[in-house]
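Values below: all heavy atoms of this structure, side chains included; hydrogens, waters and symmetry mates excluded. The sequence lines fix the lettering, A, B, ..., with proteins before strands; numbering per chain opens at 1.
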Amino acid sequence: MAAVSDFIAIVGERNTITEGSELRTYEADGLPGFRVRPAVVVLPETTEQVAACVRLARALGMPIVPRGSGTGLSGGALPVEGCVVIGLSRMKAILEVDLPNRRMRVQPGVINLNISRHLAAAGYYYAPDPSSQSVCSIGGNVAENSGGAHCLKYGFTVNHAVGATIVTAEGDIVSVGAHGGEPDTLGYDLMGVFVGSEGLLGIVTEVLVRILRTPQATRTIFATFPTTDEAGAAVSSIISAGIVPAAIEMMDQLAIEAIVAATRVDWPLDVGAALLMDVDGVAAEVEHTADAAIAALRAAGAIEIRSPRDDGERALMWKGRKGAFAAMGRISPNYYVQDGVIPRKEIVAVLRDIARLASEAGLRVANVFHAGDGNLHPLILYDGRIPGQEALAERVGGEILKTCIRYGGSITGEHGVGFDKAAYMGDLFTEDDLATMQLVRCAFDRDVIFNPNKVFPTPRLCGDRPGIYHPHAAELAEVAGRG
Amino acid sequence: MTPSSVEELSDVVASCNRSGERIAIEGGNTLAGMGVPVRAPYAHLRTASLTAVVEDAPTDLVVAAQGGITLRNLATQLAAHGTHIPFDAPLAHQATLGGTLAAGWLGPRRHLYGRPRDYVIGSVAVLADGTIARAGGMVVKNVSGYDMSRLYVGAFGTLGIIAQANMKTTALPPHARIFIAPLPEGTRRRALASVVSLRIAPAAAFWVEGFHQSIDGEDGHEGRLIVLLEGSAALLERSTRDLRSALGRAGVPETQILDTGAREAFGRIVDAYVSCLGERSVTYRISAHGQSLVDRVLAARLLADRFELRADTLADAMNDDIILRVSDLDSHALGAKIAMFDDAFHDDEPGATVVAGAHPQRASLNVWGELPDAFDRMRALKARFDPNGTLNPGRFIGGI
């Protein structure tokens, strides 16, 4: 196959995947239910190799699907037929640590948690902490503008990834945002729009991240409530009082049950909801903020408020929370995770609506989410062996998104639009809004070579040129035959 | 033209775009000294009548307001329920929300509270063809589609006019305190180093030389240190102790403390960033990140001295920003030297930008410093958003 040998010439045989079982890994990401076999997968090791692969794919008329660790939950790395998947997992070097300027330059395949591990001894860390942080990559985080529990206080990837080297649709290597120690660069905020662009504007091959000093003190608070109503009201009152914990996570009864079953946490099972909070900062401020938060929890009707006995228990509590999705396996054969955002004052009302939707559908929904940000993660539990249940779960998920929109919210807070939610973009934005976003895409990738069929609800071209030719899989098979 | 609704704004812009008329967008005119004036001829479009607070949700810590509202009016409304947005932009009574965002203003407290753009959660922009484009929303976390609002921030209106911005707000710090101390030459490096490494970071810290008319305070001729502390009473008590002992160790003489009027005093420092002496001055802003702040201030002052220009400097130690205002006795005297000074200064500081100065020669200076690596991509964006060059043509970097 001519194409394959050309890719091998760039990245080497070891880094080119064309065979069945190995290729299968790349047929899907963390979004269940969809699989598409790519024509070829390449795993470049350098920026120049990425650029050469992009130029080759372009010359061959192959769409390109960039991929980090493949943990994304919206199908952002789902291949399209006949595409080349450019996986960044071999680019995992930490290139530079600049403590005086609080910057670190890394390759995109570096695992999120490894940045903080690398810095721990020096007393620094990287703030965005998606629950998948032990496996997701920083490049994927940039593509998705990933969040995490502690983003409530510290902001999202867009606030911490300050510069990048990207490979453009033409195969050029361009630096965007900050690239040295300087805090801000001149011109349009390309880095700001690149973060969260879901692989549609280019491939990130180096990331410059901001690192923070490890807080002097952290206090973790765990509080239980009779129902999600009181827990939701507690969150709203903490936010409206201007108290800023580092994180406020909510778990309902089902989520607690799953977490307890999967870990050794001794959380009570006879409560309707729990909040897990971190308050951090300088010691003087932590006590002040924690006291104010505890008063708000009490006033909202908390049953029990406690703090972990030691760092070990604290770590266990957070491990429980961050492993909540996986823990669903303890209480249900399958689950479908949704990601929506609502104004924080609407938590109680929206959780009630979700419960009603679930009950009408005859399914259970567990809720475990970033309550401080209003970022819901309803987990719709179903049994895939029962015909029709998977589709039903997806329908309930869709109804939940529409509920979020109705309350003035959004269809995704951190998992991205990807393939999964492209159809809902039209519910959130007008045609003019979407056409304006398309202007950005066309300025970066006028032939729509990067990650086609993602984010936007209908296929779009850029007007001044015909779109790139996407060969059918069968055609590619024929190409293979010619090779 | 002073449209009073977003729809009217859209009609006006669309009509100009169709007829080939260029538009110069004007907010509060407080940051007009940044960048290059719009290429004439043009029609003036003022946002002064777009002043509504569209949605105020204090319990959710979000607010949406039209682009023409002044920062002071917005701040007054937010302060009524104990919140604020730390814009730290000069002349808040005149500066507008849209203009401040469009200019990408960066203030001295951003190291602690983040940049204004970090508070933007959504926007309504009017594009060159009159399209009313919404992005983001009223929620604090949102990754639905491209983060378009970020593109309008810092774009100087060249991609679209910020008709409305949706912003996060944050609790107003309950207490503020300002320290003023003389900063004799021998204490500078140690004092500044100790202030920036305090465990409880000050909200702002400046080393000021000059700017006497703009900033109150007894400073003699040796310059002065001004530190702003903010937070709860307990935090302020602790940080005051820490700061006093750090400055004492650095050899800084007795400090003066200002509690009443601390915020006003801070406001005057921010105003000084763009304070002009008519046509007698030009003000530069440079970022000293990663280099010695003191060395770069001294080098800039020395260079000004070589050209027999008066130098006023304001060094923001927490963000490593330097404001340098060079001036002369009259406009002619400045005019005779400023182009040569500008060249020499950019040899040392290629990233220096001009932020204020009404001198006729301003447009011929290197007001933006060196162009960024991704400039071609920026030009491509402009071509997509505003193919006729209707919005603020020539105002931005590289003639965009």
Side-chain angles (χ1 to χ4, degrees), chain A residues 100-101 144-145 147 151 155-156 158-159 174-176 180-190 192-193 195-197 216 236 239-240 242 244 282 284-285 288 341-345 373-375 408-414 416-417 425 428-430 432-433 436-437 439-440 442-444 455, chain B residues 57-62 82-83 104 106 114-115 117-118 125 127 131-135 137-148 150-151 153-155 159 170-171 199-200 231-232 234-235 238 287 289-290 319-320 351 353 368-369 371-375 377-378 380-381 383-385 397:
Chain A
N101 287 314
E144 301 296 318
N145 189 14
C151 289
F156 317 105
V158 72
N159 306 110
V174 176
S175 160
V176 294
E182 78 273 29
D184 281 283
T185 42
L186 209 55
Y188 298 139
D189 186 5
L190 297 185
V193 78
V195 175
S197 61
Q216 186 184 27
S236 299
I239 297 299
S240 66
V244 187
V282 289
E285 196 65 357
H288 175 76
V341 194
I342 51 165
R344 294 168 287 193
K345 61 179 188 285
D373 292 320
N375 185 187
S410 162
I411 58 172
T412 170
E414 57 182 8
V417 178
M425 286 288 275
L428 192 61
F429 294 111
T430 66
D432 277 350
D433 302 338
T436 305
M437 290 182 198
L439 294 174
V440 177
C442 293
F444 277 84
V455 180
Chain B
T59 55
D60 223 18
L61 296 187
V62 292
T83 63
L106 296 170
R115 305 167 297 178
R117 72 183 61 185
D118 298 325
L127 308 192
T131 299
I132 298 173
R134 286 162 212 279
M138 285 294 277
V139 287
V140 297
K141 191 175 187 184
N142 192 353
V143 295
S144 305
Y146 300 142
D147 196 348
M148 299 299 297
R150 289 194 167 258
L151 272 184
V153 176
L159 296 179
T170 182
R199 190 79 219 194
I200 304 173
S232 64
L235 193 73
R238 178 64 201 267
S287 164
H289 216 73
N319 297 289
D320 289 329
T353 59
W368 288 118
L371 291 178
D373 188 36
F375 180 64
R377 213 56 47 181
M378 294 177 191
L381 267 177
R384 290 277 170 189
F385 275 76
I397 61 165

Note: vs chain B, highest number of non-hydrogen pairs under 4.5 angstrom among N145(A), N375(A), V244(A) is N375(A)
Side chain, backbone, both or neither: which part of S236(A) has an atom under 4.5 Å from a heavy atom of chain B? backbone
Okay, L381(B) and chain A: the region with an atom under 4.5 Å from a heavy atom over there is both
Exercise: identify the closest heavy-atom pair between A374(B) and V176(A): CB-CG1, 4.0 Å
Which atoms of L127(B) come close to chain A, meaning under 4.5 Å heavy atom to heavy atom: side chain ones, backbone ones, both, or neither? side chain
To the nearest 0.5 Å, tell me how far I200(B) CD1 sits from E285(A) CD. 8.0 Å
R134(B) CZ to F429(A) CZ distance, which is reported to the nearest 0.5 Å: 11.0 Å
Option that, when pairs with chain B are counted at under 4.5 Å, heavy atom only, ranks first among S410(A), G408(A), G242(A): S410(A)
Measure distances from F156(A) to the heavy atoms of chain B and classify the residue's part below 4.5 Å as side chain, backbone, both or neither. side chain
How long is the span from the NZ atom in K141(B) to the OG1 atom in T412(A), to the nearest 0.5 Å? 9.0 Å
Between L151(B), T353(B), I397(B), T131(B), which residue shows the highest count of heavy-atom pairs closer than 4.5 Å to chain A? L151(B)
With a 4.5 angstrom heavy-atom cut-off, is it the side chain or the backbone of D189(A) that approaches chain B, or both, or neither? both
Give, as side chain, backbone, both or neither, the part of I132(B) having an atom under 4.5 angstrom from any heavy atom of chain A. backbone
Hey, which of G154(B), S232(B), A380(B) has the most heavy atom pairs under 4.5 Å with chain A? S232(B)
Please classify the contact of I411(A) with chain B as side chain, backbone, both or neither, using a heavy-atom distance under 4.5 Å. both
Looking at V455(A), L439(A), D373(A), L190(A), which one has more heavy-atom pairs under 4.5 Å with chain B than the rest? L439(A)
Testing V140(B), L61(B), D60(B) for side-chain contact (heavy atoms from CB on, under 4.5 Å) with P343(A), which one passes? D60(B)
Can you name the closest pair of heavy atoms from M378(B) and G187(A) and give their distance? SD-CA, 3.7 Å
Whatever's closer than 4.5 Å to a heavy atom in chain A on A57(B) counts as side chain
Side-chain contact test, heavy atoms from C-beta onward, threshold under 4.5 Å: evaluate it for T436(A) versus M148(B) and give yes or no. yes
Pick one of side chain, backbone, both or neither for V174(A), based on which atoms fall under 4.5 Å of a heavy atom in chain B. both
Selection from V139(B), T83(B), V62(B) maximising heavy-atom pairs under 4.5 Å formed with chain A: V139(B)
Check whether A155(B) gets within reach of chain A through its side chain, its backbone, both or neither, counting any heavy atom under 4.5 Å. both
Nearest 0.5 Å please: distance from the CE atom of M437(A) over to the CG atom of D147(B). 9.0 Å
Which atoms of S144(B) come close to chain A, meaning under 4.5 Å heavy atom to heavy atom: side chain ones, backbone ones, both, or neither? both
Is there a side-chain contact (heavy atoms from CB on, under 4.5 Å) between R150(B) and V195(A) once you walk through the steps? CA-CA 10 Å; R150(B) 289 194 167 258; V195(A) 175; over 6 Å; no
Pick one of side chain, backbone, both or neither for M425(A), based on which atoms fall under 4.5 Å of a heavy atom in chain B. side chain
